[in-house]
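Quick notes on the structure that follows.
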Amino acid sequence: MAWSETDLERLRARYADDPGGRMHDPKFARVAERVFSRGARPAPFVGVPTFLTAPFRQVDPGQPDFSGLDVAISGVPMDLGAGNRAGTRFGPRAVRTIERVGPYHHVLDVAPIYDLRVADVGDVPFSSRYDIASSHREIEAWTAAQVAQGVVPLSVGGDHSMTYPILRAVGRDRPVGLVHIDAHSDTGGPFDGLRENHGAPFRNAVLAGVLDPTRTIQIGLRGASEYLYEFATESGMTCIHAEEVDLIGIPAIIARARAVVGDGPTYLSFDIDSLDPAFAPGTGTPEIGGLTTREVQAILRGLAGIDLVGGDVVEVAPAYDATTNTAHAGAQMLFEILSLVAVSPRFRRDAP
């Protein structure tokens with residue numbers, strides 16, 4: 001049908017006097033009415049930066065109160081478990097500074113900052129910047145307080161050793177399943193005499209009885225460390241290497257992940273080095289031949305509806321990426337995980 005003056009007049013009548021944020025589709029209006037104020041969205045470069053522009057909540061370390069929240073997003077500025085390039089202690093600050101991620105997820109049809117009661121609750125209050133054992137105890141206690149108050153913990157690191165104490169808290173009452181997206185299996189043993197290193201969190205979690213290896217899937221594995229990770233297959237984990245992604249395809253990977261974790265409580269851990277260094281060079285152990293940002297987004301979105309009880313984004317080391325692309329990718333994946341929480345069984349809402 002040819003474009004006509006009548007068509008133009010119809011659009012003018014509907015949109016010409018829009019003050020900003022007036023949406024006619026109920027799906028979009030639901031989001032716009034909460035985001036727009038006085039005809040404008042908040043400027044992304046104004047104010048104190050928080051994760052995904054979530055409201056900030058000051059928490060007393062002595063009596064951590066997370067009541068009234070559905071999700072608490074915490075920074076974990078600790079890299080004492082790193083085995084190569086240090087610097088992920090600056091990861092949380094870098095991710096907080098990324099603007100214009102969200103608020104609306106067009107695939108999952110959620111605006112999680114508005115659909116959930118979410119807050120940036122600051123950083124884990126560490127008592128020492130040198131003692132990894134005490135740091136892990138404090139991560140576990142901080143997370144356990146959230147879990148005890150019915151809050152889903154999302155964490156931004158920080159090196160991957162931090163996921164072990166988080167799993168100790170999340171899986172304390174029953175072992176959880178795991179979707180783990182990473183270049184490395186992280187099921188190695190002690191390194192230079194230290195068991196709590198960033199190459200071992202998931203072996204440690206299985207041996208502690210807080211992670212079910214038969215409900216664990218690892219996606220994107222590659223690199224020269226394969227020989228260190230026999231524990232993964234020996235314990236019953238499902239491992240998908242980066243080389244297999246093109247062979248079996250994203251839909252098959254999603255189907256396998258959903259089958260592995262099933263309907264039970266599941267944790268999601270995303271290591272930024274799962275991405276090819278072309279997308280995320282700012283990390284401690286980069287490995288070429290990795291996933292693309294679009295592939296990871298597709299995998300995560302395909303997990304909609306699983307029972308997600310927590311998640312993390314780890315290993316962002318901003319000093320090795322002057323472009324800020326790594327932190328931007330980390331912030332986007334944090335948004336993807338938060339959006340998955342919003343459509344998980346405990347929070348799923350009926351579409352308007």
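Nothing fancy with the numbering, it's 1 onward along the sequence.
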Let me see the working for Ser161 and His136 under side-chain hydrogen bond (donor to acceptor under 3.5 Å, both in side chains), right down to the final yes or no.
CA-CA 8 Å; Ser161 72; His136 278 203; 3.1 Å; yes
Between Asp173 and Val147, does the side-chain contact (heavy atoms from CB on, under 4.5 Å) criterion hold? Intermediate values first, please.
CA-CA 11 Å; Asp173 296 330; Val147 173; 5.9 Å; no
Taking it one step at a time, do Phe270 and Val296 satisfy side-chain contact (heavy atoms from CB on, under 4.5 Å)?
CA-CA 9 Å; Phe270 172 77; Val296 173; 3.7 Å; yes
Between Gln149 and Asp65, does the side-chain contact (heavy atoms from CB on, under 4.5 Å) criterion hold? Intermediate values first, please.
CA-CA 8 Å; Gln149 295 173 50; Asp65 179 10; 3.5 Å; yes
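Summarising the hydrophobic clusters (Ile, Leu, Val, Met, Phe, Trp, Tyr; side-chain heavy atoms under 4.5 Å, direct or chained), the residues clustered with Tyr15 are Trp3, Leu8, Leu11. Clustering of Ile, Leu, Val, Met, Phe, Trp and Tyr side chains at separations under 4.5 Å places Val46 together with Phe45. Counting side-chain heavy-atom gaps under 4.5 Å among Ile, Leu, Val, Met, Phe, Trp and Tyr, Phe191 is found in no cluster with other residues. Here Leu228 sits in one hydrophobic cluster together with Tyr227, Tyr229; the rule is ILVMFWY side chains under 4.5 Å apart, joined directly or through other members.
Note on Ile288: it does not cluster hydrophobically with Ile272, by side-chain heavy-atom contacts below 4.5 Å among ILVMFWY residues. Hydrophobic cluster membership is shared by Val313 and Leu52, with clusters built from Ile, Leu, Val, Met, Phe, Trp and Tyr side chains linked at under 4.5 angstrom.
With Asp123 as the fixed residue, the salt bridge (charged side-chain N to carboxylate O under 4.0 Å, His left out) test singles out one of Arg93, Arg129, Arg96: Arg96.
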Just distance, no hydrogens or angles: give the donor-acceptor pairs under 3.5 Å from side chains in residues 298-311, sequence neighbours left out.
from, atom 1, to, atom 2, distance (Å)
Arg301, NE, His105, NE2, 3.4
Arg301, NE, Glu336, OE1, 3.2
Arg301, NE, Glu336, OE2, 3.4
Arg301, NH2, Glu336, OE2, 2.8
Asp307, OD1, Arg346, NH2, 3.3

Return all side-chain donor-acceptor pairs below 3.5 angstrom for residues 280-287, not counting sequence neighbours, or 'none' if the list is empty.
from, atom 1, to, atom 2, distance (Å)
Thr283, OG1, Glu315, O, 2.8
Thr285, OG1, Asp273, OD2, 3.0
Glu287, OE2, His184, NE2, 2.9

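A salt bridge links Arg30 with Asp115: at least one charged nitrogen is closer than 4.0 Å to a carboxylate oxygen. The pair Arg137-Glu140 does not meet the salt-bridge criterion, since no charged nitrogen lies less than 4.0 angstrom from a carboxylate oxygen.
Ring centers of Phe126 and Trp142: at least 6.0 Å apart, outside the cut-off.
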